[in-house]
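Just below is one structure, and these are the notes that go with it.
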Protein chains: 2
Amino acid sequence: MYGAEYHQKIVVAAAQIIADEGLSHLSLRTVARKVGVSTTVIYSLIGNREDLIEAVSREARGSFVREQRAVGCTENVLVDLKNLGRAYRRWSLENPALYSVMFGGYFGPQEIDREPIAPLADAVHRIHAQGRLKIEDPWQAVWAFWSAVHGATTLEIAGGCVMVGGQSEESFEVILEGMVRGLVSA
Amino acid sequence: MYGAEYHQKIVVAAAQIIADEGLSHLSLRTVARKVGVSTTVIYSLIGNREDLIEAVSREARGSFVREQRAVGCTENVLVDLKNLGRAYRRWSLENPALYSVMFGGYFGPQEIDREPIAPLADAVHRIHAQGRLKIEDPWQAVWAFWSAVHGATTLEIAGGCVMVGGQSEESFEVILEGMVRGLVSA
DNA sequence: GCTATTTAATAACAGTGTTATTTAAACACT
DNA sequence: AGTGTTTAAATAACACTGTTATTAAATAGC
């Protein structure tokens, strides 16, 4: 019995491979070799390849959520909202492959839990509580901000940003500022 | 010599498989069987698997561009801009797998040509020419609209929309309206 | 100490991308 | 027409892959 610590070893080995070489280079045999066990252990401890990727996704989600929660709350909610967006972008650009596994939709329609965007949702609801939201449903605003930030980061990861010839950070600020101006009143 | 018409047959067979069963189910042997040739023909006519996917991507890009161009120009540029976004979403939801191949960033940083978003860029520049853009650089506005639309569609494809519990079309309209209000003055 | 059961390693199967080899066809030239 | 040569496609091979069946080893209970 290899115990639960090998579960962790396997998941971090798989996460390293995904982060370093991409999802397509993830093979159960190389993961098993890296950890020093046989592929049978992966099957009995975690499951098949899809389950392993799911486990890596859960682990990555934990890191992502931790960094979103690390964004503090100031007296200005709009500043918090933008800081959440900036942290979102920063984590995605630092872990592009893991981000793709989380939100890339590789597996078709999946059950995405709302924990990763909970801080974002909180900020938007705080704005809504102040009566400054230009639309009635705060969740639609959450969806809008999430879409903008997600789209910008995924396109930047894919290399689409250089195409329109702008500095990345400035362009991201424009997107944040644009959505804020469009959805919340001063 | 199988000629150029087999090039087309191979590409459409591959595109069908990607659209029906996903990119991961694309195998050179099944494509060759579907067309009625050997895998050697694919290698000599197109190249390896990555080249085949690239060819499918080019084909899909053609269809996408055609539908973007089909969005006519009215006297109201904002209506045109929104119609382009709606057509963008419609095509993406109808061809989710092909859309992922085009803009999913499966291959890491790639050279994305700006033809697919040329109509969008035109509309934004037309708004800029009217002096109604709230930011100085029109390309940053193009980038912002593209990010919002791309993010909304990819998240909807991945199944993230149901999560925030909104009707898809309404939420998309909110995103369009939000970005327009944020970036262009009345 | 010996059996019984769990656990992991090995081996096997079907399938993959890719390359090497072989067979077939087309063509040029006398 | 027949022979030699070049080209093209099919077949076979190699090194992988995910997954499952089988075998060996270690542990547990008595």
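So you know, we letter chains A, B, ... as the sequences are listed, proteins then strands, and number each from 1. Worth saying up front: this structure is predicted, and the values here are computed from it rather than measured.
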OP1 or OP2 of [N] versus the side-chain N and O atoms of [X]: is any pair under 4.0 Å?
X	N	result
B:S27	C:dT16	yes
B:N48	C:dG17	no
A:Y43	D:dT19	yes

Calculate the interatomic distance between [X] atom [atom1] and [N] atom [atom2]; express it in whole Å.
X	N	atom1	atom2	answer
A:I17	D:dG18	CD1	P	10 Å
B:L26	C:dT18	CG	P	11 Å
A:E50	D:dT17	CD	C1'	16 Å
B:L28	D:dA9	CG	P	16 Å
B:I42	C:dT18	CD1	P	11 Å
A:H25	D:dC16	NE2	C1'	12 Å
B:R33	C:dT16	CZ	C1'	11 Å
A:L52	D:dG18	CG	P	10 Å

Mutual orientation of the aromatic rings belonging to B:Y88 and B:F103 [parallel < 30°, tilted 30-60°, perpendicular > 60°]: parallel
Beyond-backbone contact of B:E173 with B:R86, side-chain heavy atoms, under 4.5 angstrom: yes
Donor-acceptor pair under 3.5 Å, B:R29 side chain vs C:dG15 base: no
Distance-only donor-acceptor test, B:T40 side-chain atoms vs D:dA10 base atoms, 3.5 Å: yes
Nearest-0.5 Å distance, CZ of residue A:F172 to CG of residue A:L93: 8.5 Å
From B:L78 atom CG to B:E177 atom CD, the distance as rounded to the nearest 0.5 Å: 8.5 Å
Proximal nucleotide (of D:dA10, C:dG17, C:dA9) relative to the B:R49 side chain: C:dG17
Nucleotide of C:dA8, C:dA9, D:dT17 approaching A:S44 most closely (side-chain heavy atoms): C:dA8
Sugar-phosphate, base or nothing in reach of B:S24, heavy atoms under 4.0 Å: nothing
Pair A:W91-A:T153, side-chain donor/acceptor within less than 3.5 Å: no
